[in-house]
Amino acid sequence: VRAVPIDDLKQLNVVNSTAVTSGELLEAFSQELGLTNCHGVPDMPEDLNDLEKIYYDKVGPIFSPYLCTLPSHYDTTSLRGLMKDIPEPNLVARLPELLRYAAKRNFVSFDSEKRKRQKAKGATESQTHLRVVKPVVDRPKTIVIVGTGYVSFFAFKKLYSKLRRQILSGEIRVQVVGMSNFHAFHGFVGEMIGGQISAQSTRSPVRNIFEGAEVIRGKVEHIDPNAQNILVRAGERELQLEYDHLVYGLGSVTRNDKVPGLARHGWTLRGEGTVQGFQNQLLEMLEAASLESNPEKRRKLLNIVIVGAGFTGVEMAAALAEYLEYLKDYYPVLETDPAQVFLCNRGEGILKEIRSKYSRLVRYASKHLEKYDVRVLSGV
Ligand SMILES: Cc1cc2nc3c(=O)[nH]c(=O)nc-3n(C[C@H](O)[C@H](O)[C@H](O)COP(=O)(O)OP(=O)(O)OC[C@H]3O[C@@H](n4cnc5c(N)ncnc54)[C@H](O)[C@@H]3O)c2cc1C
């Protein structure tokens, strides 16, 4: 530190000339945490059980870049030459102290503390000068994938098939950031509406399908393409992740502001719990209609409007009409006063996207909708 003018200091690495093995590190930490039955061993045991084998095969490579650094990165000869009169601390002996210090600070990094202080002072975002520090020490090439939807999943699959060895050895690090810990398959929403499959069956755990990547559940709040980093809010924590390559897979949002009242009274089909919410409301309406003696009020309870006659709207109309047929066995009111599904579209007809190229398919879909008495309202 003495040799470097402090203003130019970009990063301070605490360097020890003797190696600290990960065994020593883990042993010191586990003792500090009161785990008295944990002991670090210098060599890989030969009698690993199945769980340990899986750990070393799958989890180990993800953590190894954090725990192990090549000795060549830390040749301290010149440094020690400069600091002859400063005794070198016994790092292993001081590890518990270091852990206590970090725990006292809630493991908060300098950057996030600095931002918190600036926020408290009322500094606006533009005043906040976040200095991006490029690491002096080599870090593995890092690919950050934001979002856990289709784009992200297929991008990861492709990367994994090409770079499996480098990813598993930690040479390339892949970090996946998403807001939920499952990936939802939208292709079965029709079947969910029709009650044929449950929401649970359309979900795949993110940590399973992105196996080999480091998964972080959090919301991406900012992407800085110049500094090549992203800011993630994960509960109370704020993380800054640096990347060499970024895969952008944050998807899109349904525009329900275009039709007045839609946001308040309608259901979208994207997002957690929306399909179940719609199903619950549908059943509530059928219960109410079963008890309603006023024919006009009953009619209102049995009208269902779908906005948009593209792929999703047409699929939902057919699924819903089929479901209502099935529900006739349970709600006699549907026999005497059938529910009416309306499919509304701003333009003419249905499935505009494929009308010119696949006219036969469009005719087939129209016939199917007619069979179920779905009323298509064009130009509304
Ligand atoms: C009801 C329905 C049925 C469909 N059926 C079909 C079909 O049969 N066939 C077909 O090909 N397509 C279908 N689609 C379309 C298909 O789902 C989309 O084209 C596809 O989801 C787009 O993929 P994506 O990765 O861009 O976005 P998404 O799959 O929406 O993924 C976006 C991801 O980003 C995450 N995210 C968003 N913002 C943030 C943030 N700030 N921080 C962290 N994470 C964030 C989300 O949680 C999500 O995981 C359907 C869509 C719907 C709604």
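The first residue of the sequence shown is numbered 1, and numbering continues consecutively from there. A quick note: this is a predicted structure, and the numbers were derived from the prediction, not measured. When a ligand or atom number is given, it counts from 1 through the structure's own listing order. As a basis for the values below, the full set of heavy atoms in this structure was taken, side chains included, without hydrogen atoms, waters or symmetry mates.
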- Item | Ring centers of Phe153, Phe156 separated by less than 6.0 Å | no
- Sorted by chain and residue number, the residues having a heavy atom closer than 4.0 Å to an atom of ligand 1 are Gly147, Thr148, Gly149, Tyr150, Val151, Gly178, Met179, His186, Gly187, Val189, Gly218, Lys219, Val220, Gly249, Leu250, Gly251, Leu269, Arg270, Thr312
Pair listing, side-chain hydrogen bond (donor to acceptor under 3.5 Å, both in side chains) test, anchored in [range], at least two apart:
range            : answer
residues 261-272 : Trp267-Gln281
residues 144-165 : none
residues 331-344 : Glu287-Tyr331, Arg298-Asp337, Arg299-Asp337

- Task: Examine Val307 and Leu351 and state if one hydrophobic cluster contains both, with Ile, Leu, Val, Met, Phe, Trp and Tyr joined whenever side-chain heavy atoms are less than 4.5 Å apart.
- Result: no
- Carboxylate-amine/guanidinium proximity below 4.0 Å for Glu325 and Lys328: yes
